[in-house]
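Worth knowing before you read on, the calculation uses all heavy atoms, side chains too, and leaves out hydrogens, waters and symmetry mates.
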Amino acid sequence: MLTLVWFKRDLRLEDHEPLALAARQGAVLPVYIIEPDYWQQPDTSLRQWQFNQDAVYLLYQQLKALGQPLLVRRGPATRVLRELTREFAVQQIVSHQETGNLWTYQRDQAVARLCHELGLPWRQYRQHAVQRCLSDRDQWFLQADAFLKSPTFQAPKFLPLLVDAPWPQALWQAPQRRELPLCQPQLCQQADALDATLQSFWLSRSKNYQRDISIAAKAGHSCSRLSPYLAYGQLSLRQLQQQTYRQIKQLPEGREQQALAAFFSRLRWHCHFMQKLEDEPQIEFVPMNPLYQGMRDQFEPRLFQAWQCGETGYPMIDAAMRCLLATGWLHFRARAMLVAFASYQLWLDWRPVALHLARCFTDYEPGIHYPQIQMQAGTTSINPNRMYNPLKQSLQKDPQGQFIRRWCSELSRLPNEWLHQPWLLPATLQLQYGMRLDVDYPAPVVDLQQATRQARSRLSEWHGRFAKTDWQQGREAVRERHASRKRPPERRPTAANKQQPQLLLDF
């Protein structure tokens, strides 16, 4: 039997069920499709393109070492797959299920229609603990737990050569995108650094995970930094969870074990959020609670531009955005703070905020991104409204100003007493420290206290437009469909899993 294995966001050999099963059944034709229309979607970017291209090239080399190189084609998936079925005697297509944006959902629908037309089986396998066509959310955790504890699949040891496939560099013509620059090469993560990243986390960096995860200047080191490898499927979540569990068991009781157990607990929430988008794909565009539709229709481009460029006049906000623009990564507290500040103090609609951040994140995972954005923007009705105070966050999470000074270099000469609120700096000291407000560094685009009061007032006014019973019914509907359920106790060496994460992509 000849099986076409369609690689998408699962660019690996280990724990790849479609590949493993296809290799047992006969010959394998491994295929990756460069889809130009996908890379023109508003949530994609050149930094994602570059990481993806590098990850595909690594997969090409790995498959070539097994005997059959990856066959890379460019064009719409339906056209490419139709051509391949004419070129080769394909008897079935296999792939992993994908919980992506609406474009990929509609693409997969079109592929399903093509396979039906051709009379060709297309079998899709679970890559995550996400349950397709889930009928009972109450049972989701037990099903997810069983999947994540199930045996992983070993990579094939050999694939017979069907067709020689040189690496088609000419097909990798980058899309014309101008909305974001590429990440700075020396600062961004590389697709070929998975093994080194894993090893350094196990051996040393995880020791301070629990302590440093919210500390702006330290999180980049102490977080695992595995999120892009999970997002592009270079690393299996199931495999990572099981590896983490084994590492925990090998550690003596104490701080290091607790730190790694905290990491494990965050992994447990990964698929919970992806399940939300799988169950309700429209939350990419509409509020989870439809009563919030239209609440932030007043959109000020000036405020949005200042926020997306890191020029709001609030150092912690601006440093976080500039770090993200330069590196493609940001720790969870800063991600949450950026969304909350845009949603409340700037009163910006969450959808353009979500698109900008999606393009910025090298580790963009749609199934996690949109539910988390809505959670921070306060449009779910089952999560509290988190109006982060950027000044308080700055003083608590970067008291010595290391993070701010690195990313807002124009403030680097300011002493700590002025660094966190430079708008209070007297004119004489501005001259002394070489920092002219609204010339070298912007004045605040909004008054923090006034903007926060106004946001609370606007929320209260909006809630008053609808009857209390309407809100109760809407909240219950969201809770029934998306809320986490009480979980059975987990048999682990420690129990550091009580806190829920703000944003999950900071593993």
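Judged by distance alone, the side chain of Glu311 and the main-chain N or O of Asp318 form no donor-acceptor pair under 3.5 Å. Not one N or O on the side chain of Gln402 forms a donor-acceptor pair closer than 3.5 Å with the backbone of Asp398. Checking side-chain atoms of Arg79 against main-chain N and O of Arg74 turns up a donor-acceptor pair under 3.5 Å. Asn289 places no side-chain N or O within 3.5 Å of a backbone atom of Thr380 that could act as its donor or acceptor partner. Of the possible donor and acceptor atoms, none in the side chain of Arg73 sits under 3.5 Å from a partner among the backbone N and O of Val80. Side chain of Arg359 to backbone of Ser45: no donor-acceptor contact under 3.5 angstrom is found. A donor-acceptor pair under 3.5 Å links the side-chain atoms of Gln48 to the main chain of Ala358, judged by distance alone. Looking at Arg126, its side chain does come within 3.5 Å of a backbone N or O of Ala129 through a donor-acceptor pair. At least one donor-acceptor pair under 3.5 Å links the side chain of Gln275 to the backbone N or O of Gln131. A donor-acceptor contact shorter than 3.5 Å links the side chain of Gln242 to the backbone of Leu148.
Under the 3.5 Å distance criterion, with hydrogens and angles disregarded, no donor-acceptor pair is assigned to the side chains of Gln239 and Thr152. Between the side chains of Asp10 and His16, at least one donor N or O sits under 3.5 Å from an acceptor N or O. Judged by distance alone, the side chains of Asn101 and Tyr364 never bring a donor and an acceptor atom under 3.5 Å apart. Checking Trp329 against Gln189 by side-chain atom types alone, no donor-acceptor pair falls below 3.5 Å. Checking Thr379 against Gln374 by side-chain atom types alone, a donor-acceptor pair falls below 3.5 Å. At a cut-off of 3.5 Å, with distance as the only test, no side-chain donor of Arg47 or Thr362 sits close to an acceptor on the other residue.
Here the shortest heavy-atom pairing between Arg405 and Ser412 reads NE-O, 3.2 Å. The two atoms that bring Ala112 and Trp122 nearest to each other are N-CZ3, 3.6 Å, heavy atoms only. Here the shortest heavy-atom pairing between Val445 and Arg302 reads O-NH1, 4.1 Å.
The only option from Gln127, Arg9, Gln124, Arg107 that meets the side chain to side chain donor-acceptor pair (under 3.5 Å) definition with Glu98 turns out to be Arg107.
For the pair Arg296 and Tyr344, the cation sits on the ring face: its NZ or CZ lies under 6.0 Å from the ring centre, inside 45° of the axis. Remark: Arg266 is positioned above the aromatic ring of Phe332, its terminal NZ or CZ atom under 6.0 angstrom from the ring centre and at most 45 degrees off the axis. For the pair Arg238 and Phe147, the cation sits on the ring face: its NZ or CZ lies under 6.0 Å from the ring centre, inside 45° of the axis.
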Could you go step by step and tell me if Lys397 and Met337 meet the side-chain contact (heavy atoms from CB on, under 4.5 Å) rule? CA-CA 12 Å; Lys397 305 303 180 184; Met337 183 182 61; over 6 Å; no
Going through the checks in order, is the side-chain contact (heavy atoms from CB on, under 4.5 Å) test met by Thr327 and Trp407? CA-CA 11 Å; Thr327 69; Trp407 297 108; 3.8 Å; yes
Could you give me the CA-CA distance, side-chain angles and deciding distance for Gln376 and Arg386, then say whether side-chain contact (heavy atoms from CB on, under 4.5 Å) is met? CA-CA 7 Å; Gln376 299 302 331; Arg386 293 182 173 92; 4.0 Å; yes
For Tyr32 and Asn52, what are the C-alpha separation, side-chain angles and deciding distance, and is it a side chain to side chain donor-acceptor pair (under 3.5 Å)? CA-CA 11 Å; Tyr32 181 83; Asn52 181 75; 2.9 Å; yes
Pair Phe7, Val56 - check side-chain contact (heavy atoms from CB on, under 4.5 Å), show working. CA-CA 9 Å; Phe7 287 89; Val56 174; over 6 Å; no
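Centroid-to-centroid, the aromatic rings of His128 and His96 stay 6.0 Å apart or farther.
Atoms OG and CD, from Ser227 and Glu365 in turn, are 10.0 Å apart once rounded to the nearest 0.5 Å. The distance from atom CD1 of Ile248 to atom OH of Tyr245, rounded to the nearest 0.5 Å, is 8.5 Å. Between the CG atom in Leu267 and the OG1 atom in Thr244 there is a gap of 5.0 Å [rounded to 0.5 Å]. With rounding to the nearest 0.5 angstrom, the CZ atom of Arg322 is 9.5 Å from the SG atom of Cys309. Taking CG from Leu357 and CG from Leu324, the interatomic distance works out to 6.5 Å, rounded to the nearest 0.5 Å. Here the straight-line distance linking atom OH of Tyr38 with atom NZ of Lys8 works out to 11.5 Å at 0.5 Å rounding.
When the shell of 6.0 Å around CD of Gln186 is examined, it contains more than 12 heavy atoms from other residues, nucleotides or ligands. In Phe304, the CZ atom is crowded: over 12 heavy atoms of neighbouring residues, nucleotides or ligands sit closer than 6.0 Å. Surrounding CD of Gln154 are at most 12 heavy atoms belonging to other residues, nucleotides or ligands under 6.0 Å away.
Between Glu117 and Arg113, no side-chain nitrogen of the basic residue sits less than 4.0 Å from a carboxylate oxygen of the acidic one, so the salt-bridge criterion is not met. Ion pairing between Arg12 and Glu14 fails under the 4.0 Å rule for side-chain N and carboxylate O.
Partners of Trp167 according to the side chain to side chain donor-acceptor pair (under 3.5 Å) rule, which considers only residues two or more places apart in sequence or in another chain, are Gln169. For Tyr441, there are no ring-ring contact (aromatic ring centres under 6.0 Å, His included) partners two or more places apart in sequence or in a different chain.
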